[in-house]
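Basis for what follows: all heavy atoms, side chains included, without hydrogens, waters or symmetry-related copies. We're numbering straight along the sequence, starting at 1. Because the structure is predicted, anything quoted here is derived from the model rather than measured.
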Amino acid sequence: MAVTTASASPGSYSARHLQVLEGLEAVRKRPGMYIGSTDGRGLMHCLWEIIDNAVDEALGGFCSKIQVVLYEDGSVEVRDDGRGIPVDVEPRTGLSGVEVVFTKLHAGGKFGGGSYTASGGLHGVGASVVNALSERLDVHVDRGGKTYAMSFHRGEPGVFADGPKGPGLDGEFAPYVEGSELRIVGKTKRGVTGSRVRYWADRQIFLAEAEFAYDDLIARARQTSFLVPGLELVIRDERRLAGTPGADGPHEEVFKHDGGISEFCDFLAPDTPVTDVWRLQGVGHFTERVPVLDARGHMTPTDVDRECHVDVALRWGTGYESRTEAFVNIIHTHKGGTHLGGFEAALVKVFRKQLEDNARRLKVGGDKVEKDDILAGMTAVVTVRLAEPQFEGQTKEVLGTSAVRGIVARVVEKQLVARLTSAKRDDKVQASQLLEKIVAEMKSRISARTHKENQRRKNALETSTLPPKLADCRSNDIDRTELFIVEGDSALGTAKLARDSDFQALLPIRGKILNVQKASVGDMLKNAECASIIQVVGAGVGRSFDLDAVRYGKIVIMTDADVDGAHIRTLLLTLFFRYMRPLVAAGRVYAAVPPLHRIEVVNPGSKKNELIYTYNEAQMRATMTRLRKSGRNVKEPQRYKGLGEMDAHQLAETTMDRGARTLRRVTLADAEAAERVFALLMGSDVAPRKDFIVEAAHDLDRERIDA
């Protein structure tokens, strides 16, 4: 017999079961709806909201300096020298402007009231959401010769009883009962204005391990300094966290760039330029129907004339990777939107027309250029500024204002055609080189696709077109197979005896391969060693690289434990990083860690001698000292000059046997930093590398030079 409870009956669900969340309660109940998540990303998003409010003042021309301080107690403070948050009473609520901004959702100066022509904070929930998700928030405003202050506890205004140590979470909180008060706590010099917001994130909301990411903060500050020329941003870290630049004490970095997005584009570009940085600028107008608050406090649909400023900086380089950063009123739209769609549509339209007009000279044939061919090697910064843009969600990752697409497309098309058809000598040379590069990319794509369609993996019963020096394994199981790239034929001979031929394949290379950071794609493909590696990996290169087609589960670089071995390893990593990056990103590239010394401990009688392997000079000396102090009879350590000096069982035991070896996984934890390091160490620009060597020379331990 079925039993039905009272709560399950239809009549039991009535209006009294509906819960109405008042004010900031909704934010605390569903924080993910406003900040995306409650981990470190959400914590950083709250900080961006406060910083962006200060940057909006800079966009309006009212602020020249922003400071961000990360305190040791976990709080963060954002200071600016803008106009200061309004302190007068807002007539409809009867509250001060400060309290309205920090306690009322969808309240602010960015809803068409004329305070901001272009801003990043558009929904009026940024400051109030941060306040709702903070255990404590203090705001100070310098305005009209006075300093005003107000404090909040989880969104509720009141006063904290702070002790002699200053503001913190220990002070007892007393909420306002009858009416709130914007306190006057000091005086300022004439003309001094600004705001200071310090808050402690609520650990009831955020995960315990969530922390402010210093590297992300630095990257955002640098990015903003490019987007708002002349704005000075100061980041100060007082947390003393291990692994950060401020681990040993307060650390401060200052960013200020006057070159704008042209300088930003140059900073982002990783490769040798084919063109200069081209600046494409223009203005478009459109009409938008939006609800406007009238004098009676009613929202009335009104047609509003909008102005959209488009500013694009772009350049092409010799590489194949593309990077486009898109911004709306300095807000980074990570997932693009209508402005990026208009930009890419204009690129495709312009270059298809240009290639059509120059088809005979460029030998285009009947092939059609695609977007990826045009984007290859391109670095671009696309910015638009307009009042009240429509974003998809509070996190502002996608621009949704439809009229922007056409405006950006028209501006880019007009300016780019003018540049490509310019009669100036430099412009003509660069335009010609660019068109040739795009045609080469198109032909490379078609060739790679044809090759991929014709290529099929060989099994043991089929004839193989793989390099003759490859000692392949018998297994096809990707989860088990490993490809060892070894240095030279002598190491190959030892490794053949040391490997497990069921799942370990060997490919020898002759010394130092081509430095692909300097070389062109064509030169790289012509190089025998590079071509062999690409052929054996079996997944193509560049944009056509297919991770699923890789023939081995692990790629292990096994070179000698000396300076030359380190150089060869760097050259191989450069090849993988530049042309097979998904393999590195997937964590499938490793560096073997062979020992540098072998210490033989002589045991008395017929007992077998003990072998100990060490991996650096310091470890060897410490081991020798320990053994001698304990009275053990030790032979003079053997120094391995190369892998070929090892016996097969020694190489297997130390470097190849899964049960005993050590492998170092190569990761892309910070792709931008890795890109800069590869460009510095392996790039064609000699001057920065020389400066690096000179500056770092005093840190070199001469004992480590194997010469």
> Hey, are Asp500 and Arg658 close enough for a salt bridge, meaning a charged N less than 4.0 Å from a carboxylate O?
Replying inline: no
> Measuring from Leu435:CG to Ile374:CD1, what's the distance to the nearest 0.5 Å?
Replying inline: 10.0 Å
> Does the distance from a Lys or Arg side-chain N to an Asp or Glu carboxylate O, for Glu397 and Arg41, drop under 4.0 Å?
Replying inline: no
> Under 3.5 Å, is there a donor-acceptor pair between the side chain of Arg588 and the main chain of Tyr552?
Replying inline: yes
> Does atom CZ of Arg664 have more than 12 heavy-atom neighbours from other groups under 6.0 Å away?
Replying inline: no
> Taking the side chain as C-beta and beyond, is there a heavy-atom pair between Phe545 and Leu583 under 4.5 Å?
Replying inline: yes
>> Does any part of the side chain of Arg551, heavy atoms only, come nearer than 4.5 Å to the side chain of Asp472, both counted from C-beta?
In response: yes
> Between the side chain of Ser422 and the main-chain N/O of Ala418, is any donor-acceptor distance below 3.5 Å?
Replying inline: no
> Where do Thr379 and Pro270 come nearest, in terms of heavy atoms and distance?
Replying inline: OG1-CD, 4.0 Å
>> Any non-hydrogen side-chain atom of Asp560 less than 4.5 Å from a side-chain atom of Tyr640?
In response: no
> Hey, is the main chain of Met656 close enough, under 3.5 Å, to the side chain of Gln504 for a donor-acceptor pair?
Replying inline: yes
> Distance from Lys437 atom NZ to Met378 atom CE, nearest 0.5 Å?
Replying inline: 11.0 Å
> What are the two closest non-hydrogen atoms of Thr318 and Val274, and how far apart are they?
Replying inline: N-CG2, 3.8 Å
>> Any non-hydrogen side-chain atom of Ile568 less than 4.5 Å from a side-chain atom of Ile509?
In response: yes
> For the side chain of Thr333 and the backbone of Ala326, is there at least one donor-acceptor N/O pair under 3.5 Å apart?
Replying inline: yes
> Can you find a pair of side-chain heavy atoms, one from His332 and one from Leu227, that are under 4.5 Å apart?
Replying inline: no
>> What I'd like to find out is whether the side chain of Lys371 reaches to under 4.5 Å of the side chain of Leu347, using heavy atoms alone.
In response: no
> Is there a side chain to side chain contact (heavy atoms under 4.5 Å, CB included) between Phe576 and Ile533 once you walk through the steps?
Replying inline: CA-CA 10 Å; Phe576 286 113; Ile533 294 170; 4.1 Å; yes
>> Using side-chain hydrogen bond (donor to acceptor under 3.5 Å, both in side chains), reason through Tyr590 and Glu482 one step at a time and then give a plain yes or no.
In response: CA-CA 10 Å; Tyr590 297 80; Glu482 302 173 345; over 6 Å; no
> Under the 3.5 angstrom rule, does the side chain of Ser432 hit a backbone N or O of Val429 as a donor-acceptor pair?
Replying inline: no
> Should the ring pair Phe264 and Phe226 be called parallel, tilted or perpendicular, given that the plane angle runs from 0 to 90° and is split at 30 and 60?
Replying inline: parallel
>> Between Asp311 and Arg279 (salt bridge meaning N to carboxylate O under 4.0 Å), is one present in this structure?
In response: yes
>> Looking at Lys496, I'd like to know if its NZ atom is crowded, meaning that more than 12 non-hydrogen atoms belonging to other residues, nucleotides or ligands lie closer than 6.0 Å.
In response: no
>> Check this for me, if you would: do Lys353 and Asp357 make a salt bridge, where the nitrogen-to-carboxylate-oxygen distance has to be below 4.0 angstrom?
In response: yes
> Is it true that atom CZ of Arg352 has more than 12 heavy atoms of other residues, nucleotides or ligands lying nearer than 6.0 Å?
Replying inline: yes
>> Salt bridge or not between Lys368 and Glu370? Use side-chain N to carboxylate O under 4.0 Å.
In response: no
>> Tell me whether Asp372 is salt-bridged to Arg445, with the criterion being a basic N under 4.0 Å from an acidic carboxylate O.
In response: no
>> Rounded to the nearest 0.5 Å, what separates atom CG in Leu572 from atom CD in Glu487?
In response: 9.5 Å
> CZ of Arg361 to CG of Leu355: how many Å apart, nearest 0.5 Å?
Replying inline: 9.5 Å
>> Let's go through Glu321 and Arg581 carefully: what are the C-alpha distance in whole Å and the side-chain angles of both, what is the deciding distance for side chain to side chain contact (heavy atoms under 4.5 Å, CB included) to 0.1 Å, and is it a yes or a no?
In response: CA-CA 10 Å; Glu321 291 199 2; Arg581 190 175 301 191; 3.4 Å; yes
> Quick one: CG on Leu217 to CH2 on Trp48, what's the gap to the nearest 0.5 Å?
Replying inline: 5.0 Å
> Among Val381, Asp271, Leu434, which one satisfies side-chain contact (heavy atoms from CB on, under 4.5 Å) with Arg315?
Replying inline: Asp271
> Side chains of Leu483 and Leu470: does their closest heavy-atom pair fall under 4.5 Å?
Replying inline: yes
> What closest approach, in Å, do Lys443 and Lys363 show between heavy atoms, and which atom pair accounts for it?
Replying inline: NZ-O, 3.0 Å
> Just wondering, do Met646 and Thr654 contact through their side chains at under 4.5 Å, heavy atoms?
Replying inline: yes
>> Nearest 0.5 angstrom please: Phe327 CZ to Leu340 CG, how far?
In response: 11.5 Å
> Hey, is the main chain of Arg220 close enough, under 3.5 Å, to the side chain of Thr224 for a donor-acceptor pair?
Replying inline: yes
>> When you measure from the side chain of Ser532 to the backbone of Ala528, do you find a donor-acceptor pair of N or O atoms at a distance under 3.5 Å?
In response: yes
>> Looking at every non-hydrogen atom in both residues, tell me the closest pair between Thr655 and Met558 and how far apart they are.
In response: CG2-SD, 3.6 Å
>> I'd like to know if the side chain of Glu529 and the backbone of Arg510 have a donor-acceptor N/O pair within less than 3.5 Å.
In response: yes
